[in-house]
Amino acid sequence: MAMHFIFSDEVVLLFDFWSVHSPTGMALSVLVILLLAVLYESIKVGKARLLYQALMNLSIPSQQLIEAADQDSSSSDSLPVSRSPLRWFLCHFGQSLLHVAQVVVGYFVMLAVMSYNTWIFFGVVLGSAGCSQGIASSWKLSAEASTCSLEF
């Protein structure tokens, strides 16, 4: 096995049964690896989005804090919790599952790059940098739009 990047249409990727011996097979393999890289980036963005949603849903609104401070200015009770611990647990559990999926897909992508095939490497770079930026920017735009609509 070569320990440097080579241009070749013959490679064994991840498993013994994923053996490529033709240009068509290489093109399909690059497409699959590209989609794995996009999946990795999508999971990463999804994790951030879930964290953002959890923080927005679990936090105490500032208006509620002001009202609680006005009512109980002399008492030393803790501030009211806006959501149940079950909801927090479900958000944390979802974050954990997404993290496991991200690690597994990330290792598959890393092992594919370690085949030292330049075409596979280009597929990972294109999937990770090219396509994922569109996913991330579209989420940022939708998050900004939802924040703007909440302010009005």
Go through it in stages, so that I can follow the logic: the residues are Asn117 and Met26, the test is side-chain contact (heavy atoms from CB on, under 4.5 Å), and I'd like the CA-CA distance, side-chain angles, deciding distance and then a yes or no. CA-CA 10 Å; Asn117 187 294; Met26 180 55 72; 3.3 Å; yes
Flag side-chain contact, heavy atom, 4.5 Å: [X] against [Y]:
X: Leu98; Y: Lys44; result: no
X: Val20; Y: Val12; result: no
X: Tyr40; Y: Tyr107; result: no
X: Val30; Y: Ile33; result: no
X: Leu39; Y: Ile43; result: yes
X: Leu13; Y: Ile120; result: yes
X: Val11; Y: His21; result: no

Do Leu35 and Leu28 share a hydrophobic cluster, counting only Ile, Leu, Val, Met, Phe, Trp and Tyr and linking them when any side-chain heavy atoms are less than 4.5 Å apart? no
Using a distance-only test with no angle check, is there a side-chain donor-acceptor pair under 3.5 angstrom linking Lys47 and Gln102? yes
What is the minimum heavy-atom distance between Leu36 and Val105, and which atoms define it? O-CG1, 3.5 Å
Between Phe89 and Phe93, what is the ring plane arrangement, given parallel below 30°, perpendicular above 60°, and tilted in between? parallel
Please round to the nearest 0.5 Å and tell me the distance separating atom CZ of Phe121 and atom OG of Ser115. 11.0 Å
